[in-house]
Amino acid sequence: MSALTGAQLGLMTGSFLSGCLLSIPLLTIPTITSPSSSPTAPILLSSWYTLYKHGALTMPPLAFLTASLYGWSAYKLRSSSSSSQTQTQRRKNEKRYKLFALAAALTLAIGPFTLLVMSPTNKELMRLNEIQIEPGPLVSDVEEVRELVRRWNWLHIVRSLGPVVGCVVGWLGVFGYGDEERAEEKVEVEKPNVKTG
């Protein structure tokens with residue numbers, strides 16, 4: 001697989017990942033926390049937990065796949081530098097290598113952010129959800145649960161920015177340097193050979 005093909009596949013999976021991540025705060029959480037839907041605390045907790053479980057099963061592997069494709073592309077570009085390439089091609093590959101490496105790092109940033117920043121909110125929501133499962137009194141303060149879910153939603157938006165920005169950076173790597181390099185190559189070709197004598 002060529003470096004550009006890997007990056008194009010990374011851009012595709014990164015776009016899908018970004019769309020999935022952004023659909024949660026834009027569509028799902030506003031729907032389940034809306035006062036007009038009149039959710040009880042147990043229903044709200046159950047809805048969040050189901051969303052969390054599905055996200056935890058699908059998003060990390062998709063982020064890893066995306067970052068791996070960008071990483072592969074960066075590695076191929078970095079290791080393919082040869083003396084037969086023009087200076088313009090070497091500069092282009094160097095720019096793309098840096099962009100694909102950055103796109104990979106931004107995409108993987110969801111892992112550390114989740115562990116370091118979101119864990120307290122996740123644990124509190126899971127604790128409350130466990131109370132709903134066990135026999136005994138249920139959590140009845142729907143406003144407390146709604147505020148926790150909304151806080152989780154804002155943290156999720158921030159977490160989603162890594163893969164979203166990574167997708168934009170990957171796009172720049174795939175498409176951003178074509179015309180500029182062609183113009184430079186044209187200028188190099190048009191320069192006349194000046195002989196000093």
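In this chain, residues are counted from 1 in sequence order.
Judged as a side-chain contact (heavy atoms from CB on, under 4.5 Å), and not counting sequence neighbours, the contacts of Arg151 are Thr121, Leu148, Leu155. With sequence neighbours excluded, the residues forming a salt bridge (charged side-chain N to carboxylate O under 4.0 Å, His left out) with Glu94 are Arg78, Lys98, listed by chain and number. With sequence neighbours excluded, no residue forms a side chain to side chain donor-acceptor pair (under 3.5 Å) with Thr50. Annotation: ring-ring contact (aromatic ring centres under 6.0 Å, His included) contacts of Tyr52 (sequence neighbours excluded): Trp48. With sequence neighbours left out, the side chain to side chain donor-acceptor pair (under 3.5 Å) criterion links Ser73 to no other residue. Residues that satisfy the side-chain contact (heavy atoms from CB on, under 4.5 Å) test with Met12, not counting sequence neighbours, are Leu9. Considering only residues two or more places apart in sequence or on other chains, Arg159 meets the salt bridge (charged side-chain N to carboxylate O under 4.0 Å, His left out) condition with none of them. In terms of the side chain to side chain donor-acceptor pair (under 3.5 Å) criterion, residue partners of Ser34 (sequence neighbours excluded) are, by chain and number, Ser36. Applying the side chain to side chain donor-acceptor pair (under 3.5 Å) test to Thr13 and every residue at least two apart in sequence or in another chain returns Thr66.
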inquiry  = Apply side chain to side chain contact (heavy atoms under 4.5 Å, CB included) to residues Met1 and Leu69 and explain how you reach the verdict.
reply    = CA-CA 10 Å; Met1 173 169 52; Leu69 288 164; 4.1 Å; yes
key: From CA spacing to verdict: side chain to side chain contact (heavy atoms under 4.5 Å, CB included), Asn122, Thr114   = CA-CA 9 Å; Asn122 289 347; Thr114 301; 4.1 Å; yes
request  = Assess whether salt bridge (Lys or Arg N to Asp or Glu O under 4.0 Å) is satisfied between Glu130 and Arg127, documenting all intermediate values.
outcome  = CA-CA 5 Å; Glu130 286 297 319; Arg127 184 188 71 76; over 6 Å; no
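At distances below 3.5 Å, not a single donor-acceptor pair connects side-chain atoms of Arg96 with backbone N or O atoms of Leu77.
Under the ring pair (Phe, Tyr, Trp, His ring centres under 6.0 Å) criterion, the residue pairs touching residues 153-174 are Trp152-His156, Trp171-Phe175, with sequence neighbours excluded.
Nearest heavy-atom pair across Leu99 and Val169 is O-CG1, 3.2 Å. Counting all heavy atoms, side chain and backbone alike, Ser15 lies closest to Cys167 at OG-SG, 3.3 Å. Closest approach of Glu124 to Glu144, counting heavy atoms only: OE2-OE2, 4.4 Å. When all heavy atoms of Tyr70 and Ala7 are compared, the closest pair comes out as CE2-O, 3.9 Å. Nearest heavy atom pair, residue Ser47 against residue Ile32, reads CB-CD1, 4.0 Å. For the pair Thr33 and Leu44, the tightest heavy-atom approach, listed with the atom from each and the gap, is CG2-CD1, 4.0 Å.
Hydrophobic clustering of Ile, Leu, Val, Met, Phe, Trp and Tyr side chains at less than 4.5 Å, counting indirect connections, unites Leu116 with Phe113. Linking Ile, Leu, Val, Met, Phe, Trp and Tyr residues whenever their side-chain heavy atoms come within less than 4.5 Å leaves Ile43 and Leu51 in two separate clusters. With hydrophobic clusters built from ILVMFWY side chains whose heavy atoms lie under 4.5 angstrom apart, Ile29 does not share a cluster with Leu27. Cluster annotation: Leu11 is connected to Leu172 through the hydrophobic network of ILVMFWY side chains, with a link wherever side-chain heavy atoms come within less than 4.5 Å. One hydrophobic cluster holds both Val165 and Val174 under the rule that ILVMFWY side chains link at heavy-atom gaps under 4.5 Å.
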Which atom pairs, one a donor and one an acceptor, fall under 3.5 Å between side chains of residues 17-26 and the rest of the protein, sequence neighbours left out?
unit_1, atom_1, unit_2, atom_2, d
Ser18, OG, Gly14, O, 2.9
Ser18, OG, Pro163, O, 3.4
Ser23, OG, Cys20, O, 2.8

Which atom pairs, one a donor and one an acceptor, fall under 3.5 Å between side chains of residues 57-64 and the rest of the protein, sequence neighbours left out?
unit_1, atom_1, unit_2, atom_2, d
Thr58, OG1, His54, O, 2.9

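The OG1 atom of Thr5 sits 10.0 Å away from atom NZ of Lys76, with the distance rounded to the nearest 0.5 Å. Between the CZ atom of Phe100 and the CG atom of Asn93 there is a distance of 9.5 Å, given to the nearest 0.5 Å. Here the OG-OH distance, from Ser79 to Tyr97, works out to 10.5 Å after rounding to the nearest 0.5 Å.
Residues Tyr49 and Leu125 have side chains not in contact (no heavy-atom distance under 4.5 Å, counting atoms from C-beta outward).
Under the 4.0 Å criterion applied to side-chain N and carboxylate O atoms, Glu147 and Arg150 are assigned as salt-bridge partners.
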